[in-house]
Amino acid sequence: MGMTDRKAQLAANLAKVEARIDAACAAAGRKREEVTLIVVTKTYPASDVRILSELGVRHVAENRDQDAAPKAAACSDLPLAWHFVGQLQTNKVRSVVGYADVVQSVDRSRLVTALSKEAARAQREVGCLIQVALDADESGRGARGGVGPGGIEELADLVAGAPGLRLEGLMTVAPLTGPYAGRQRAAFDRLMELATLVRRSHPAANMVSAGMSADLEQAVAAGATHVRVGTAVLGVRPRLG
Ligand SMILES: *Cc1c(COP(=O)(O)O)cnc(C)c1O
């Protein structure tokens, strides 16, 4: 496919997603500007990121450092905020801190320590969301990353006190197993409750990242401030990612 065709395709997909967000905001009595679209560009090339930027996208997300680092470098001239949304190993933290404005997948204290050290070293400030696993026990961990609800407060306090890090709020992925499987709205309502608790001690942490291509309406209805949409904008991914 040529660049012009790809741009027309991405523009059409983006318009459909924008219309869905508009409709979801209207149905929930929310203002459109209360919801930020993050386009998840994982597995797609830097040329797509560039087109999305030309089409007005300002937030993109990636989940693997190996793919994200060269892409972010190729797009460093663009006015984009980069979100890291994947499970993050501490040996990748130095690289991720080099380009990520926000890490949405903070789920353990060792990761907070590593992020803080590298952010301070790079003289950057990195926004952090605690990833909540709603398929985990209170004190457990999720199959796809994230900390159980019982672990949120401790991690939030740790991030808030860590040099180079800024606590922004909470993120979740609707669980495939456990009591919330297939119940996205209930899962996102639970995330909102947990976010309200966090804001009692950290009033500025008002970001709630929830909802993907299949369930962005439920996330907007629940009160999410950020939706992360991949497939509905870029197409079905060529491989798992
Ligand atoms: C891939 C991914 C998304 C986007 O999912 P789609 O179903 O393609 O919209 C959102 N959040 C995370 C954490 C992801 O890994």
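Being a predicted model, the structure only gives us computed values, none of them experimental. Whatever order the structure lists ligands and atoms in, that order sets their numbers, starting from 1.
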For ligand 1, which is the ligand I care about here, please tell me if Asn63 has any N or O atom under 3.5 Å from one of the ligand's N or O atoms. no

Determine whether any heavy atom of Arg144 lies closer than 4.0 Å to an atom of ligand 1. no

Within reach of ligand 1, part of Val85 (heavy-atom separation under 4.0 Å): both

Any N or O of Gly230 that comes nearer than 3.5 Å to an N or O of ligand 1? yes

Which atoms of ligand 1 have any heavy atom of Thr231 under 4.0 Å away? 6 (P), 7 (O), 8 (O), 9 (O)

His59 vs His83 aromatic rings, parallel, tilted or perpendicular, using cut-offs 30° and 60°? tilted

Taking Arg190's backbone N and O only, do any of them form a donor-acceptor pair with Tyr180's side chain (distance below 3.5 Å, no angle check)? no

Atom indices of ligand 1, in the order listed, that fall short of 4.0 Å to a heavy atom of Val229: 9 (O)

Would you tell me whether Ser105 and Gln131 have side-chain atoms, one donor and one acceptor, within less than 3.5 Å of each other? no

Please tabulate, for the side chains in residues 45-56, all donor-acceptor contacts under 3.5 angstrom to protein atoms that are two or more places apart in sequence or on a different chain.
unit_1	atom_1	unit_2	atom_2	d
Asp48	OD1	Arg6	NE	3.0
Asp48	OD2	Arg6	NE	3.3
Asp48	OD2	Arg6	NH2	2.8
Arg50	NH1	Asp77	OD2	3.1
Arg50	NH2	Ala74	O	2.9
Arg50	NH2	Asp77	OD1	2.9
Glu54	OE1	Lys7	NZ	3.0

Do Tyr99 and Asp65 have side-chain N/O donor and acceptor atoms under 3.5 Å apart? yes

Specify side chain, backbone, both or neither for Arg237, according to which of its non-hydrogen atoms lie closer than 4.0 Å to ligand 1. side chain

Nearest neighbour of atom 2 (C) of ligand 1 from the list Arg228, Lys42, Met212, on a heavy-atom basis: Lys42

State whether the number of non-hydrogen atoms from other residues, nucleotides or ligands found under 6.0 Å of Gln9 atom CD is greater than 12. yes

